[in-house]
Colleague: 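Provided herewith is a single structure, encoded as structure tokens, for subsequent inquiry.
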Protein chains: 2
Amino acid sequence: MSAADENLCLDNQVCFALYSAANAMVRAYRPLLDKLDLTYPQYLVMLVLWQEQGISVKTLGDRLHLDSGTLTPLLKRLEAKGLVSRGRSERDERVRVLQLTQAGGELKLAAGGVPEQMRCKVGGSTEELLALKALCEQALERLSPAQD
Amino acid sequence: MSAADENLCLDNQVCFALYSAANAMVRAYRPLLDKLDLTYPQYLVMLVLWQEQGISVKTLGDRLHLDSGTLTPLLKRLEAKGLVSRGRSERDERVRVLQLTQAGGELKLAAGGVPEQMRCKVGGSTEELLALKALCEQALERLSPAQD
DNA sequence: TAGAAGTATATTGCACACAACTTATATCGA
DNA sequence: TCGATATAAGTTGTGTGCAATATACTTCTA
């Protein structure tokens, strides 16, 4: 097999492993998040808002590496479920100010067990998980075009 | 911060790192694959077919960990581009037999440089890439429900 | 201070992923 | 052999991701 052939072999592709693992991860979250009536990206938004409220769509997008084309409809769905409010900044009329509703805040309790349950599903030692996280973050860093 | 709070912190989530890295990877492929007029999942299908032709949608799905709901419309698009033919098995009328067209086979040459270009984008040492691949494959294995 | 440039969000269109379901065909078992 | 069961692929509907573009507001600058 030539070098080019080797490179085009699926089994040799780091990116395919990454892609498949990420898909499998989202699938594994589903039964857990169904109980919260959240999708995985919606859950990520809630994770951010449980930490810091009053942020803009821009800031949220920076945290999650997602853009307004993804977040605007997603946030509208969270608003429709009564979990999030999408106010406007008084200082800058362009900016949305994202807040949790009462129900949105309370959902944090129900979500408390999710990380531990997922940890069980993913398995592996703490060292392996930390190594995977570090390698993913390194790849993300290098794959992201410089922001200016 | 409580243990539950720690667990619900975005920065501590392996899964989020995996998810973000996979998204970034697909984004990084885009400019390379645009030249071939392929999306990343379409490229994956072509990788499989460059290795083995005459396989079914089921077999293809096993290789890529994707189902017919994803693959059927994708394969129709590849067929519309003239890269793939979707015949029927004579032995079993339910089964599609996937073949490359002339153009589909020839595209392999144009794709020859893609893996090397992506490798430059992802960066990192060979050891790191192999470690990332192994950890992703391990996670995939554990997250996939047993097939019996 | 008016127009240019920049920024935040929203919209549109396309291509996934996948659950749930349907249809067509094949195989198994009494 | 006939009906039950299984299997392969397709369909439908929902929710992302993201490029490209539009809109509205802000800030910069001549």
Side-chain angles (χ1 to χ4, degrees), chain A residues 19-31 33-34 37-45 55-62 64-81 86-98 140 143-145 147-148, chain B residues 16 19-31 33-34 37-45 55-62 64-81 84 86-98 140 143-145 147-148:
Chain A
Y19 163 85
S20 296
N23 282 346
M25 182 274 294
V26 172
R27 276 196 297 273
Y29 260 108
R30 197 179 306 261
L33 296 182
D34 276 351
D37 188 29
L38 291 175
T39 65
Y40 182 66
Q42 289 168 11
Y43 171 69
L44 290 180
V45 169
I55 61 172
S56 66
V57 175
K58 177 87 166 62
T59 303
L60 181 63
D62 288 344
L64 298 179
H65 315 296
L66 294 171
D67 72 358
S68 71
T70 300
L71 290 174
T72 294
L74 192 160
L75 288 165
K76 284 183 178 177
R77 279 176 215 117
L78 289 179
E79 186 180 42
K81 293 185 205 187
R86 301 165 62 242
R88 288 280 186 193
S89 164
E90 295 193 4
R91 286 231 344 274
D92 186 338
E93 279 292 323
R94 292 169 305 180
V95 174
R96 289 278 184 193
V97 175
L98 303 173
L140 171 64
L143 288 173
S144 301
Q147 286 298 332
D148 58 296
Chain B
F16 172 62
Y19 164 86
S20 296
N23 282 346
M25 180 274 293
V26 172
R27 277 195 297 273
Y29 260 108
R30 197 178 306 261
L33 296 181
D34 276 350
D37 189 27
L38 292 175
T39 64
Y40 182 66
Q42 289 168 11
Y43 171 69
L44 290 180
V45 169
I55 62 172
S56 65
V57 174
K58 176 83 167 64
T59 302
L60 181 62
D62 289 344
L64 299 179
H65 315 294
L66 295 171
D67 72 359
S68 71
T70 301
L71 290 174
T72 295
L74 192 160
L75 287 165
K76 284 183 178 175
R77 278 175 216 118
L78 289 178
E79 186 181 41
K81 292 185 207 188
V84 165
R86 299 163 64 241
R88 289 280 187 193
S89 165
E90 295 192 4
R91 287 232 342 276
D92 187 337
E93 279 291 324
R94 295 169 303 178
V95 175
R96 290 277 184 194
V97 175
L98 304 172
L140 171 64
L143 289 173
S144 302
Q147 289 294 333
D148 65 294

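Computation of the quantities below employed the complete heavy-atom set of this structure, encompassing side-chain atoms and omitting hydrogens, waters and symmetry-equivalent molecules. Convention: sequence-line order gives letters A, B, ...; per-chain numbering from 1.
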Colleague: Over 60° means perpendicular and under 30° means parallel, so tell me whether A:Tyr29 and A:Tyr40 are parallel, tilted or perpendicular.
Modeller: tilted
Colleague: Can a donor-acceptor pair be found, under 3.5 Å and without considering hydrogens, that links the side chain of A:Asn23 to the backbone of A:Val26?
Modeller: no
Colleague: May I ask you to evaluate whether B:Lys58 reaches the phosphate of D:dG10, defined as a side-chain N or O under 4.0 Å from OP1 or OP2?
Modeller: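 Checking B:Lys58 against D:dG10: no side-chain N or O falls below 4.0 Å of OP1 or OP2.
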Colleague: Any donor-acceptor pair under 3.5 Å joining the side chain of A:Arg94 to the base of D:dT26?
Modeller: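 For A:Arg94, whose side chain was compared with the base of D:dT26, there is no donor-acceptor pair (under 3.5 Å).
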Colleague: Check step by step if side-chain contact (heavy atoms from CB on, under 4.5 Å) holds for A:His65 and B:Phe16.
Modeller: CA-CA 10 Å; A:His65 315 296; B:Phe16 172 62; 3.9 Å; yes
Colleague: Does B:Arg86 use its side chain to pair, donor to acceptor, with the backbone of B:Val97 at less than 3.5 Å?
Modeller: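 Not a single qualifying donor-acceptor pair exists.
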Colleague: Quick one: B:Leu60 CG to C:dA17 P, roughly how many Å, whole number?
Modeller: 13 Å
Colleague: Output yes when B:Arg30 and B:Asp34 qualify as a salt bridge under the 4.0 Å nitrogen-oxygen rule, no when they do not.
Modeller: no
Colleague: To the nearest Å, give me how far apart CD (B:Glu79) and C1' (C:dA15) are.
Modeller: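 Value for this atom pair: 17 Å.
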Colleague: Categorize A:Leu74 for me: base, sugar-phosphate, or nothing, with a 4.0 angstrom heavy-atom threshold over every strand shown.
Modeller: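 Sugar-phosphate contact only.
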Colleague: Return the value, rounded to whole Å, for the distance between atom CG of A:Asp92 and atom C1' of C:dG6.
Modeller: 12 Å
Colleague: Given D:dA8, C:dA15, D:dG17, identify the nucleotide with an atom nearest to the side chain of A:Leu66.
Modeller: D:dG17
Colleague: I'd like to know if the side chain of B:Arg96 reaches the main chain of B:Ser89, judged simply by a donor and an acceptor atom lying under 3.5 Å from each other, with no hydrogens or angles considered.
Modeller: no
Colleague: Taking the minimum atom-to-atom distance to the side chain of A:Val57, which one of C:dC18, C:dA10, C:dA26 wins?
Modeller: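 Selected nucleotide: C:dA10.
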Colleague: Between A:Lys81 and B:Arg96, which is nearer to the 5' end of DNA chain D once each is assigned its nearest nucleotide?
Modeller: B:Arg96
Colleague: Rounded to whole angstrom units, what separation is found between the CD1 atom of B:Ile55 and the P atom of D:dA8?
Modeller: 13 Å
Colleague: Hey, does the side chain of B:Arg86 come within less than 4.0 Å of D:dG10's phosphate (OP1/OP2), counting only N and O?
Modeller: yes
Colleague: Starting at CG of B:Leu75 and ending at C1' of C:dA17, how long is that distance when rounded to a whole Å?
Modeller: 14 Å
Colleague: Distance criterion of 3.5 Å, no angle test: do you see the side chain of B:Ser68 paired donor-to-acceptor with the base of D:dG10?
Modeller: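 Checked by distance alone, the answer is yes.
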Colleague: Look at the side-chain N and O atoms of A:Thr39 and state whether any lies under 4.0 Å from the OP1 or OP2 oxygen of D:dT16.
Modeller: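 Yes, such a contact exists.
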Colleague: Under 4.0 angstrom, heavy atoms only, what part of the nucleic acid is B:Arg27 near: base, sugar-phosphate, or nothing?
Modeller: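 Here B:Arg27 touches the backbone only, sparing every base.
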Colleague: For the side chain of B:Arg30, counting heavy atoms from C-beta on, which of C:dA15, D:dC18, C:dA19 is nearest?
Modeller: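 Looking only at heavy atoms from C-beta outward on B:Arg30, the closest nucleotide is D:dC18.
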Colleague: C:dT11, OP1 or OP2 - any side-chain N/O from A:Lys76 closer than 4.0 Å?
Modeller: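 Indeed, a polar side-chain atom of A:Lys76 lies that close.
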Colleague: Take A:Thr70 and A:Tyr19, find for each the nucleotide of DNA chain C with the closest heavy atom, and name the residue whose nucleotide sits nearer the 5' end.
Modeller: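 Closer to the 5' end of DNA chain C: A:Thr70.
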Colleague: Could you give the CG-to-P distance, from A:Asp67 to C:dA8, as a whole number of Å?
Modeller: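 Going from A:Asp67 (CG) to C:dA8 (P), I get 13 Å.
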Colleague: By nearest atom, which of the nucleotides C:dC18, D:dA8, D:dT16 is closest to the A:Arg77 side chain?
Modeller: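 Nearest listed nucleotide: D:dT16.
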Colleague: Calculate the interatomic distance between B:Asp34 atom CG and C:dA15 atom C1'; express it in whole Å.
Modeller: 13 Å
Colleague: Any side-chain N or O of A:Arg91 under 4.0 Å from OP1/OP2 of D:dT26?
Modeller: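 Negative; the distance criterion is not met.
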Colleague: Atom CD of B:Glu93 to atom P of C:dA24: distance rounded to whole Å?
Modeller: 13 Å
